[in-house]
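Taking it in order: structure first as structure tokens, then the write-up.
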Number of protein chains: 2
Amino acid sequence: MSKLTITEVARMAGVSIGTVSRVLNNRPGVNPDTRTQVLEVVSRLGYVPDAGARKLARGSRGLIGVAPFSAHSSNSPYYGILLDAIQETIVREGYAARVLEPSVGEEMLSEVSGFIVPGVHLDDSRLSLLIERNIPLVVVGRCEKNVPWVDIDNTGGMRLALQHLIKLGHSRILHMTGTPIGQTTYDRLESYHQTMQDAGFTLSDELILDGTFTELGAYRILRQALEKGLEFTAVAAASDEMAYGAILALQDAGFRVPYDVSVTGYDDLPFAPQTQPSLTTVRQPIRQLGRTAAQLMLELIAGNAVRQVVLPTELVVRSSSAPLSRNRR
Amino acid sequence: MSKLTITEVARMAGVSIGTVSRVLNNRPGVNPDTRTQVLEVVSRLGYVPDAGARKLARGSRGLIGVAPFSAHSSNSPYYGILLDAIQETIVREGYAARVLEPSVGEEMLSEVSGFIVPGVHLDDSRLSLLIERNIPLVVVGRCEKNVPWVDIDNTGGMRLALQHLIKLGHSRILHMTGTPIGQTTYDRLESYHQTMQDAGFTLSDELILDGTFTELGAYRILRQALEKGLEFTAVAAASDEMAYGAILALQDAGFRVPYDVSVTGYDDLPFAPQTQPSLTTVRQPIRQLGRTAAQLMLELIAGNAVRQVVLPTELVVRSSSAPLSRNRR
DNA sequence: CATAGCTATTAAAACGTTTGCAAAGAGCGG
DNA sequence: CCGCTCTTTGCAAACGTTTTAATAGCTATG
């Protein structure tokens with residue numbers, strides 16, 4: 001069987017290729033009936049337009065920049081997965097994606113037909129610059145400004161983890177936050193406050209530690225806290241890396257996880273099932289996050305309305321969390 | 001000025017576009033004089049062929065898989081940079097690149113016209129599978145098998161770092177290795193042995209610590225060693241991450257870097273200049289590594305001979321290394 | 001009832017390459 | 001100097017889309 005092209009689709013649907021093209025690109029001027037008709041054929045045949053041909057026909061306009069998050073955050077596998085998903089979608093649609101260095105060069109602004117910006121800081125001036133210049137922009141992560149963005153339900157996810165721990169009998173739950181620089185950190189922290197209060201516990205500042213979003217950061221600050229004699233029976237970390245660092249810190253200090261202390265992570269990165277013990281964590285759909293971001297960008301370029309999307313999270317229970325035990329050391 | 005196309009190049013060189021195309025794709029049957037002539041024009045105008053058009057004309061054959069390194073190693077920013085460089089080159093040549101999960105699916109083998117495999121393990125059975133099936137393959141990292149590969153000069157780079165420390169007066173130099181799973185770890189370790197011996201020092205196994213290629217791994221094992229009273233005046237780490245972990249471990253234990261202990265890294269990742277103190281390290285050309293890997297793949301597909309490439313490394317001296325001081329604590 | 005003004009559709013011309021085929025020379029043995 | 005190969009080159013047809021201009025079929029208007 002030869003390659004499936006738009007011609008075949010057109011023939012099957014009994015229309016011309018021009019019409020099919022318009023349907024596929026959401027262009028106006030096609031009868032709703034014809035549209036659904038064509039879409040039906042497309043999905044039945046499983047037709048996927050050729051990226052190269054689209055790009056060629058469109059006149060090669062269409063380089064989409066993926067930029068600029070802080071250099072430091074790129075240490076996580078999280079970003080690798082996210083970027084790959086973004087690229088995949090963009091390239092499939094016949095655009096080119098280019099990952100740019102954190103330093104946005106002025107000259108780039110003219111070469112690029114849009115920016116996807118993951119991991120934006122709360123006060124990022126570069127963001128304002130892009131908005132000001134009216135350059136198509138999609139932000140990955142919730143954003144106060146009126147731009148299209150995708151985010152996961154950070155608040156809901158954190159609540160899931162905490163309610164899980166609370167149901168297991170824990171009340172002195174330590175929250176390991178990330179660097180207080182992004183909306184994400186803030187949202188998860190806020191959710192911690194809210195959920196603990198709702199459960200009737202009093203908040204205590206000493207139970208909130210900044211683990212800088214890294215294994216090592218979490219490890220160091222937690223060991224330090226343990227040496228000072230801080231008491232708690234569970235750790236709810238704002239990332240899997242920090243959860244892992246916390247587990248090691250606890251183990252090195254002689255605590256058993258989860259028997260003495262329970263630990264939960266956030267993200268469900270590929271290594272989460274492989275830690276010792278395997279990590280109970282909040283799963284977020286990273287690839288879908290990337291796909292959606294790319295999608296929003298394409299919609300934006302096509303002139304559609306600005307919209308925001310929030311993706312759901314889900315609790316994955318593994319072995320790092322257990323009921324509060326009475327005979328603790 | 002409109003877009004620069006092959007037509008313009010042909011006109012400038014006084015030949016037909018067919019000839020230009022043949023030159024650009026290294027196809028036989030074009031006069032050597034004409035060839036250099038065309039190449040001259042191409043480089044003068046700075047002409048870059050349109051990726052989409054190439055892909056289209058070639059009939060869309062050409063998806064190149066970038067796969068499968070172990071999930072764990074993907075935690076480093078190193079891989080992000082490498083993958084981006086590979087993708088950039090491949091896409092520029094009109095092929096598509098797809099980053100695959102570590103688990104190589106059988107079904108993938110038929111869809112893909114070649115594999116680029118970074119971070120191969122010494123005994124990787126999947127590698128043998130690919131060779132057996134005669135699937136075009138490029139390995140990033142030295143490889144015993146007769147396949148095309150690119151690597152950096154690991155041995156030479158380690159020697160540079162060590163000779164730097166030796167020149168500063170250090171003799172008890174600790175080597176922080178990575179997980180003993182890849183050729184890279186082995187090469188750097190071997191170079192440590194060799195260089196120390198050449199300098200007339202006796203080797204001691206206690207001066208070799210496995211930092212698992214991570215910040216946290218390095219931090220934990222070094223703190224442990226310090227508590228046991230291990231004596232040394234310098235640390236030569238096999239990665240920047242481990243060097244950073246080592247610096248923090250030393251500082252947390254009350255040592256000053258570089259006054260009490262010098263530390264060197266390896267890779268020169270983006271964060272290296274930003275540590276406290278900034279990191280003396282061995283720079284490797286990561287992007288070029290990726291570009292070369294992609295290049296070799298394209299050559300392989302074009303039917304050229306298998307070849308191997310070794311890229312040079314370079315010492316970058318910053319503030320984490322200093323002369324051995326006498327009045328140490 | 002002719003005309004203008006819509007809308008939905010089609011036909012065909014790009015887009016920038018690669019590549020099979022034919023043509024034009026060049027060298028050469030007869 | 002005539003036919004032969006061989007090498008080098010040019011021509012033109014793909015490749016799978018998008019998009020512009022033209023067309024056909026309506027409805028509303030005068």
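Hydrogens, waters and symmetry mates are skipped; everything else that's a heavy atom, side chains included, is used. Everything numeric in this text was worked out from a predicted model, so none of it was measured. Residue numbering restarts at 1 for every chain, and letters A, B, ... go by the order of the sequence lines.
For the pair B:L298 CG and C:dT18 C1', the computed distance is 16 Å after rounding to whole Å. Following rounding to the nearest Å, B:Y47 (OH) and C:dG16 (P) show an atom-to-atom distance of 10 Å. Residue A:R35 contributes atom CZ, which lies 10 Å from atom P of C:dT9 at whole-angstrom precision. Rounded to an integer number of Å, the gap from CG of A:L56 to C1' of C:dT18 is 12 Å. Protein atom CG of B:L24 is 12 Å distant from nucleotide atom P of C:dT19, rounded to whole Å. Distance CZ (B:R54) to P (D:dT17): 21 Å, rounded to an integer number of Å. Rounded to an integer number of Å, the gap from A:R58 CZ to D:dG16 C1' is 12 Å. In this structure, the CZ atom of B:R22 is 12 Å from the P atom of D:dC11, given to the nearest Å.
Between B:L300 atom CG and B:Q295 atom CD the span is 12.0 Å, to the nearest 0.5 Å. B:T292 contributes atom OG1, which lies 9.5 Å from atom CD of B:E299 (distance to the nearest 0.5 angstrom). From A:I17, atom CD1 reaches atom CD1 of A:I6 across 6.0 Å, with rounding to the nearest 0.5 Å. Rounding to the nearest 0.5 Å places CG of A:D268 at 9.5 Å from CD of A:Q284. Atom CD1 of A:I116 and atom CE of A:M297 lie 5.0 Å apart (nearest 0.5 Å).
The side chain of A:R27 has D:dT19 as its nearest neighbour among D:dT19, D:dT9, D:dG16. Listed nucleotides D:dT8, D:dC15, C:dC15 differ in distance to B:N31; the shortest reach to its side chain belongs to D:dT8.
For C:dA8, neither phosphate oxygen OP1 nor OP2 lies less than 4.0 angstrom from any side-chain nitrogen or oxygen of A:T34. Regarding contacts with the backbone of C:dT18, a side-chain N or O of B:N25 is found under 4.0 angstrom from either OP1 or OP2.
In this structure, A:T19 reaches the bases: a heavy-atom distance under 4.0 Å links it to at least one base atom across the strands shown. Backbone-only engagement by A:T5 is indicated by non-hydrogen atom pairs under 4.0 Å involving sugar-phosphate atoms exclusively.
Counted within 6.0 Å of CZ on B:R307, heavy atoms from surrounding residues, nucleotides or ligands total 12 or fewer; the atom is thus considered open.
Using a 4.5 Å cut-off on side-chain heavy atoms (C-beta onward), B:S128 and B:K145 make contact.
Between A:S21 and B:G29, the residue anchored nearer the 5' end of DNA chain D, judged by the nucleotide with its closest heavy atom, is B:G29.
Of all the residues in residues 6-18 of chain B, B:I6, B:I17, B:G18 reach under 4.0 Å from DNA chain C with at least one non-hydrogen atom.
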